[in-house]
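For reference, the structure is listed below as structure tokens.
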Amino acid sequence: MLRQDNTGPYHWADKTMSVLRTSQLEACEKDLAGLPFLCLFDNECTDADAENFYAFSFFPREDRNRPAVMLHTVDDLRVRVLSSFAPELALLSTDEHDLLVRLVLFGGRLILHDWNDLIPARSLLRRLWCRFRHEDGFPVLYMPHQLCASALLLLAGDEHKKIRDSVDLVQNMADDSLYLMGMMQASGPLLHLQSLLKDTYAQGRTDLIERMLLSGFDCFYDREGRLFLIHPGLADPEQMLSRMPVAERSFREMSTDSLNHASESVSDLENPLYEQMLYSLMDAVRPEITPEDAVEDLIILAKQGVSYHEMQEVLSSLLVSLPTPEMLKSLQDLSDRIPRWIWFSSSRVQ
């Protein structure tokens, strides 16, 4: 999902990973609330609805270099969606795919009890597959029966499963890379997945791979229009980008062996610090946040080079009482020993 807000002027307590996630979910909920109750494939849908569907979909960005179409029709949009349905289903992000499987298994109607499902639900709507409404105070996602039946058959196919293995591999590698670096250019995982899709029915669908990346990661575009993937806790991607030499901005993924080795090394270093901080925070954080989320917020702040003093202010904002000496000692260890993201390693964030 594209990162929209400029968090630069905020205090660090207002741009932790938990706060950034909540802001995204609130924006997503607002988007969903403004949508029509119809789906592109509902019988009641007419050409009068076509422009609204087109505007909300992924199509406008993908069509930016194509000749403009004056008016869209429902039939044209349906043909366009259905012609890519099989490869697009296989190239969903992990969260979208998990939600889609549940939706299909429940016959095309799913109550979203988990607020975190709103982001993948919004992406499924942008693919023009579903509709969304509130019923009895609960958000409900619908998928037309004809698409449900097609999806059920495709989900059982061997080639679908093969493509999903490739998607999961690339998405997991990108997640690990972002935890180590904070940011990466999307061209790395895009080209990697492209190579894995050779000789499948998703071969050559760069547009659908980019949709998957936009749906599965926090993203932003730089001034040259390049897509970057960012860690969900990175508060100011523009600042990180400004610290990078221009020659370093064309990221490629690390090899699998190098990435696994680096991830294991970081885990070995961070796990004891995590456990120590978590133990000190048990039964001490505000009720709307878990101790696990609080520790993760603090670790991600340390990766951005946030000073111990500023981290102490954030810690205080997370607690129901004053920090104890044990908490402050654990926080000092986090501040001193958590590896910084590379472009925050040489100087402190001001």
Check: Leu141 main-chain N/O paired with Arg131 side-chain donor or acceptor under 3.5 Å
no
If we count only N and O atoms by modelled type, under 3.5 Å, do the side chains of Ser18 and Asp293 hold a donor and an acceptor together?
no
Donor on one side chain, acceptor on other, Ser84 and Arg205, under 3.5 Å:
yes
Residues in ring pair (Phe, Tyr, Trp, His ring centres under 6.0 Å) with Tyr54, at least two apart?
His72
Residues at least two apart in sequence or cross-chain that pass ring pair (Phe, Tyr, Trp, His ring centres under 6.0 Å) with His134, listed by chain then number, are Phe132
Test your reading of the model: is there a side-chain donor-acceptor pair from Asn172 to the backbone of Asp168, 3.5 Å cut-off?
yes
Do the ring centers of Phe41 and Trp129 come within less than 6.0 Å of each other?
no
With distance as the sole test, does Arg164 use its side chain to make a donor-acceptor pair with the main-chain N or O of Ala90 at under 3.5 Å?
yes
Is it the case that Gln171 and Asp175 place a side-chain donor and acceptor less than 3.5 Å from each other?
no
Glu264-Ser267 side chain donor-acceptor pair, cut-off 3.5 Å:
no
In short, salt bridge (charged side-chain N to carboxylate O under 4.0 Å, His left out) pairs touching residues 112-124 with sequence neighbours left out are Asp31-Arg122, Arg102-Asp117
Apply side chain to side chain contact (heavy atoms under 4.5 Å, CB included) to Leu331 and Ser335, showing your working.
CA-CA 6 Å; Leu331 185 67; Ser335 179; 5.6 Å; no
